[in-house]
Amino acid sequence: MTQSVIVQVGQCGNQIGCRFWDLALREHAHFNKKGCYDDTTGTFFHNPNGDSCGDNGRIQQLKARAVLLDMEEGVISEILKGPLGEIFDSTQLLTGVSGAGNNWAVGHMTYGSSSRDKIVDQLRKAAEQCHCLQCFFLIHSMGGGTGSGLGTKVLRLLEDEFPEVCRIVIPVYPSVDDDVIVSPYNSMLATRELTENADCVLLVENQALVEMLKMEYACHGGQHTKSNKVSAMDRLTGPEKPFDAMNDIVANMLLNLTSSARFEGSLNMDLNEIAMNLVPFPRLHYLVPSLSPVSTLPRVSNSTRKLDKLFSDVFSKRYQLIKTDPKRSLYLGCALMLRGNVHMSDLHRNIERLKPTVPFVSWNPDGWKTSLCSVPPVGHSQSLLALANTTAIKSTFMEMRERFCKLYRKKAHLHHYLQVEGMEESLFSEAVTSLDSLIEEYHDLDASVGKLMPAAARLKIAK
Amino acid sequence: MSVVTVQLGQCGNQVGLELFDTLYNDAQAGQRKTYATASCGRFFHQTEHGEHVARAVLIDMEPKVIKQNFSKTAKSGKWKYDNASGFNQRQGTGNNWANGFCIQGPRHREAVEDILRREVERCDRLHGFLALMSVAGGTGSGVGTHVTQCLRDVYPKSFIVNHLIWPYRTGEVIVQNYNSVLTLGHLYQLSDGLLVHENDTAHRICSQLLHIKDISIADINKVIAHQLGTVLQPALTADSNGVYSTNPLGIDWQLRPLAVSERTRSLTGSNVNTSLANLLILRGKDVFSAETGIFDDAALYSSWLSPKDAFKIWKCPVSFNKYEKTATLVSNSQALIEPLDNMVRKAWSMFAARAYIHQYTKFGISEEDFLESFTFTEQIISSYSQLGCNV
């Protein structure tokens with residue numbers, strides 16, 4: 001079996017990471033009744049006592065395969081004081097004191113350079129504890145300075161130091177009304193890094209998460225408080241903080257994403273199959289995740305949720321982790337990752353049903369990748385995660401460009417960036433050029449729809 | 001005569017398990033000692049304690065499926081795999097034929113050949129190899145093709161039959177058509193025969209004939225294993241003189257189309273699904289009085305063949321898997337043109353858009369390599385298409 005390392009950067013990255021470790025522990029504890037250290041547990045957890053366990057064969061100690069980075073102390077020291085503190089060693093953490101002041105350049109250039117060696121050291125240590133390291137998951141925000149700046153710096157370090165290991169980034173894009181004024185700058189500079197250095201990017205947006213939660217509460221409001229008590233008992237972290245429910249959605253997406261690589265199933269999907277199937281051109285590696293059920297909380301009403309509904313959900317606007325409209329886009333590829341008791345016939349029935357409403361690019365009319373993992377998520381009988389490579393995100397990028405240009409036209413706040421050593425104004429224009437060419441690639445694909453393109457002439461065999 | 005089965009990738013290993021289960025259960029049912037001995041000698045060897053051990057080599061690049069196979073068979077108490085006959089790595093090939101064929105296959109060549117040799121040395125007489133693999137993923141198709149190449153090198157005179165599972169037309173692996181074209185383009189030159197099962201067809205059998213409501217992959221694998229079992233179990237052939245043929249893989253593979261220049265061509269096509277060779281296998285009651293005249297119709301065969309040469313029957317009075325009668329047809333015919341053409345067309349359209357090519361060049365498969373495989377598969381389609389032309 002392979003192992004993966006989670007690198008969580010900045011406040012947002014660390015908070016999401018924290019929810020992930022909490023849910024991952026709960027999931028493995030739920031399905032590993034004997035409490036033995038096995039390959040499945042080993043995917044995300046390292047056993048400091050080697051493969052051996054205590055007298056009764058039960059796990060004595062577990063450490064998360066994680067690297068925690070921040071330029072402040074607050075978030076990480078709080079994590080350490082909390083109940084999850086035990087699964088992290090001080091050698092896995094790196095904090096600063098000054099913060100990045102919401103400045104991409106400070107995170108990327110200043111802190112990125114001064115801490116480079118320490119960060120590489122920690123990444124290497126985490127990698128050395130893996131028998132077969134398959135994937136780095138990098139979680140950070142795109143609006144703040146540490147997440148976007150240092151996060152994308154780490155991405156570069158990963159590419160330099162571990163070129164063979166898959167890099168999947170989960171960036172959290174800011175809402176339109178984000179309170180960080182310069183977040184459009186940060187997002188723009190960081191997006192260029194993602195385009196150039198990531199294998200796969202799973203897009204997440206705060207606003208989309210907020211709306212997903214509203215929808216969930218509207219549907220199940222009555223039962224929420226009650227079941228919350230139940231779930232609080234088997235979770236380590238205490239009362240919920242404002243972002244916790246939102247972060248749970250992302251954490252839950254990560255669990256679904258990796259379930260087929262961790263557990264058994266009749267149709268496995270390894271992590272290296274994601275990019276292989278969903279990335280037809282190297283730069284177009286932005287994937288839109290959608291998830292149903294959204295919440296990790298067990299609810300009575302969910303148990304009767306029809307399987308077919310899950311399929312409809314993930315193609316509906318409200319279930320996308322970034323605000324896009326799947327019905328108004330062109331698909332380059334789509335993965336359906338199922339958990340629980342789902343049959344091949346269920347899968348095919350639903351693909352046939354949805355096909356007419358999901359337009360695919362002409363050269364990939366059957367662009368579906370599927371997996372069946374027999375182990376359901378805790379509290380549910382089934383779940384479905386869809387990953388779509390669609391042209392719909394073009395509009396997300398265009399909006400981001402517009403917000404960026406509004407500031408950049410007036411050169412507003414630019415001096416904060418330019419006074420940082422190593423930062424040059426050309427980086428701004430290069431970031432725009434990079435995004436423009438990305439938008440154009442998506443645009444060309446969109447433009448191909450409806451045009452009568454003659455099929456490429458097949459090879460002729462002389463008779 | 002024994003057959004060494006090579007199970008490759010998730011699909012090959014799942015089907016292999018079902019196949020050995022089918023073969024074992026069928027052979028052990030009832031009091032048919034000669035049949036049971038012939039079957040078991042072919043596919044199993046016995047330990048000193050009388051346990052049946054499959055003559056199989058299990059190859060996968062990730063550990064889960066093989067591990068599951070070992071534990072399932074150990075629990076069943078009927079037959080088992082030799083744990084030393086399994087080879088797995090920690091990380092799969094990621095649906096990438098190039099990774100399987102160019103990287104993983106060569107990297108583990110020695111270890112795999114050692115396991116294969118050990119299995120071959122256990123056979124008093126080796127008849128050949130049966131490689132079970134899917135053409136869609138990366139391990140079955142890519143590593144499978146490489147292993148077939150190694151077998152061809154090391155055992156140049158042995159029969160090698162590849163049993164290929166064709167993916168669902170929609171919804172398994174997005175790059176499945178690339179992987180399939182690359183696999184077929186290579187196996188065409190290496191293998192003695194390709195036995196093909198389509199997942200879509202097996203799925204239809206489950207829903208329309210067996211009336212299974214929720215069809216799982218296990219159901220589909222059972223159908224495939226069952227059909228394969230009826231082909232591979234002992235039978236009497238025309239030249240085996242009343243004893244079970246020693247030649248289970250010796251379907252008329254040697255019958256190949258003549259070179260094009262030796263034939264006269266005509267432009268008028270026909271709609272008959274023209275065959276090169278048909279093998280009918282009858283098992284159970286009344287096999288010796290069965291009326292098989294319709295297979296002798298010259299219209300079924302290419303005009304330069306006589307039905308006498310192109311049609312063979314194997315018979316076995318022992319019933320298969322408790323069925324009163326079974327009939328199985330193995331046909332080398334134009335039936336495969338449509339699915340093959342469909343697959344090549346989709347792969348070619350993707351290739352024309354240059355989509356996913358970078359994933360393959362990364363592991364050493366160039367555009368020229370693709371073109372070569374496209375040429376071979378187009379050649380196959382073209383050759384089969386010409387069979388129906390009247391002289």
Side-chain angles (χ1 to χ4, degrees), chain A residues 1-3 39-40 131-134 166 261-282 332-336 341-348 350-352 355 361-370 372 448 455-463, chain B residues 10 14 61-65 67-68 89-96 99 137-138 168-177 199 203 206-207 212-221 260 265 344-346 348-359 371 374-375 378-379 381-383 386:
Chain A
M1 290 274 261
T2 58
Q3 295 81 37
D39 282 349
T40 303
H131 292 295
C132 179
L133 173 59
Q134 181 162 47
C166 181
R262 287 180 290 143
F263 297 105
E264 286 175 354
S266 59
L267 193 61
N268 291 336
M269 178 162 170
D270 219 350
L271 295 171
N272 55 4
E273 293 172 25
I274 297 171
M276 179 67 197
N277 282 280
L278 294 174
V279 181
F281 306 107
L332 308 186
C334 183
L336 299 174
N341 183 26
V342 182
H343 298 284
M344 207 63 198
S345 48
D346 299 323
L347 195 52
H348 280 266
N350 278 292
I351 287 180
E352 288 306 319
K355 240 181 178 177
V361 68
S362 64
W363 42 262
N364 202 13
D366 301 307
W368 303 89
K369 163 74 185 169
T370 52
L372 301 172
S448 71
R458 295 257 297 263
L459 294 175
K460 291 260 181 330
I461 300 297
K463 295 191 180 178
Chain B
Q10 173 163 30
Q14 286 173 343
M61 289 300 118
E62 60 107 36
K64 286 199 295 266
V65 183
K67 215 168 123 188
Q68 235 174 327
Q89 291 293 297
R90 292 196 175 98
Q91 179 167 347
T93 44
N95 291 160
N96 193 327
N99 186 6
Y168 284 98
R169 293 195 184 194
T170 290
E172 259 185 76
V173 173
I174 294 179
V175 288
Q176 64 189 26
N177 297 311
N199 267 345
H203 195 101
C206 287
S207 74
I212 300 172
K213 198 171 141 271
D214 296 320
I215 301 162
S216 65
I217 289 184
D219 295 320
I220 287 161
N221 290 340
V260 179
R265 273 173 279 122
V344 176
R345 179 176 49 76
K346 285 180 183 166
W348 184 252
S349 143
M350 203 178 250
F351 187 68
R354 293 293 179 270
Y356 296 100
I357 302 292
H358 71 285
Q359 310 272 18
L371 278 174
F374 273 116
T375 312
E378 293 282 11
Q379 181 78 58
I381 296 171
S382 164
S383 303
Q386 287 174 53

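Just so we're on the same page: letters track the sequence lines, and every chain starts at 1. Just the heavy atoms: all of them, side chains too, but no hydrogens, waters or symmetry mates, feed the values below.
- If you measure heavy-atom distances from A:Leu278 to chain B, the contacts under 4.5 Å come from both the backbone and the side chain.
- Proximity to chain A is limited to the side chain of B:Glu62, based on heavy atoms less than 4.5 angstrom apart.
- To the nearest 0.5 angstrom, A:Asn272 atom CG is 12.5 Å from B:Met61 atom CE.
- In this structure, chain A has heavy atoms under 4.5 Å from both the backbone and the side chain of B:Arg345.
- Once rounded to the nearest 0.5 Å, the distance linking CG of A:Leu459 with CG of B:Leu371 reads 6.5 Å.
- Taking the six-membered ring where tryptophan is involved, the planes of A:Trp363 and B:Tyr356 are perpendicular, since the angle between them exceeds 60° and thus also 30°.
- Every side-chain contact (heavy atoms from CB on, under 4.5 Å) that A:Asn350 has, sequence neighbours left out, goes to A:Asp308, A:Phe311, A:Arg353.
- In this structure, B:Gln359 contributes its side chain and A:Val279 its backbone to a donor-acceptor pair below 3.5 Å.
- Residue contact with chain A, scored on non-hydrogen atoms closer than 4.5 Å, involves the backbone and the side chain of B:Glu378 alike.
- With respect to chain B, the highest number of heavy-atom pairs below 4.5 Å among A:Asp366, A:Asn277, A:Thr370 belongs to A:Asn277.
- Shown here are the salt bridge (Lys or Arg N to Asp or Glu O under 4.0 Å) partners of B:Lys67, two or more places apart in sequence or in another chain: A:Asp39.
- Only the side chain of A:Asp270 has a heavy atom closer than 4.5 Å to any heavy atom of chain B.
- Atoms CG and CD, on A:Leu133 and B:Gln91 in that order, are 8.5 Å from each other to the nearest 0.5 Å.
- Contacts between A:Leu267 and chain B at a heavy-atom distance below 4.5 Å involve backbone atoms as well as side-chain atoms.
- Highest contact tally toward chain B, considering only A:Met1, A:Lys355, A:Gln3, A:Glu352, is held by A:Met1 [criterion: heavy-atom pairs under 4.5 Å].
- Considering only heavy atoms from C-beta on, B:Asn95 comes within 4.5 Å of A:Lys369 through its side chain.
- No other option in A:Met344, A:His348, A:Met269, A:Arg458 has as many heavy-atom pairs under 4.5 Å with chain B as A:Arg458.
- In terms of heavy-atom pairs under 4.5 Å with chain A, the best-connected choice from B:Gln14, B:Met350, B:Arg169, B:Lys64 is B:Lys64.
- Only the backbone of B:Thr93 comes within contact range of chain A, judged by heavy atoms closer than 4.5 Å.
- Contacts between A:Ala261 and chain B at a heavy-atom distance below 4.5 Å involve the backbone alone (N, CA, C, O).
- For a residue to count as touching a neighbouring chain, one of its non-hydrogen atoms must lie under 4.5 Å from one of that chain's; by this rule B:Ile212 does not touch chain A.
- Each of B:Gln68, B:His358, B:Arg354, B:Lys346 has some count of heavy-atom pairs under 4.5 Å with chain A, and the biggest count is that of B:His358.
- Of the listed residues (A:Gly333, A:Ser266, A:Cys132, A:Ala456), the greatest number of heavy-atom pairs within a distance under 4.5 Å of chain B belongs to A:Ser266.
- Checked by atom type and distance alone, the side chain of A:Asp346 never pairs as donor or acceptor with a backbone atom of B:Asp214 at under 3.5 Å.
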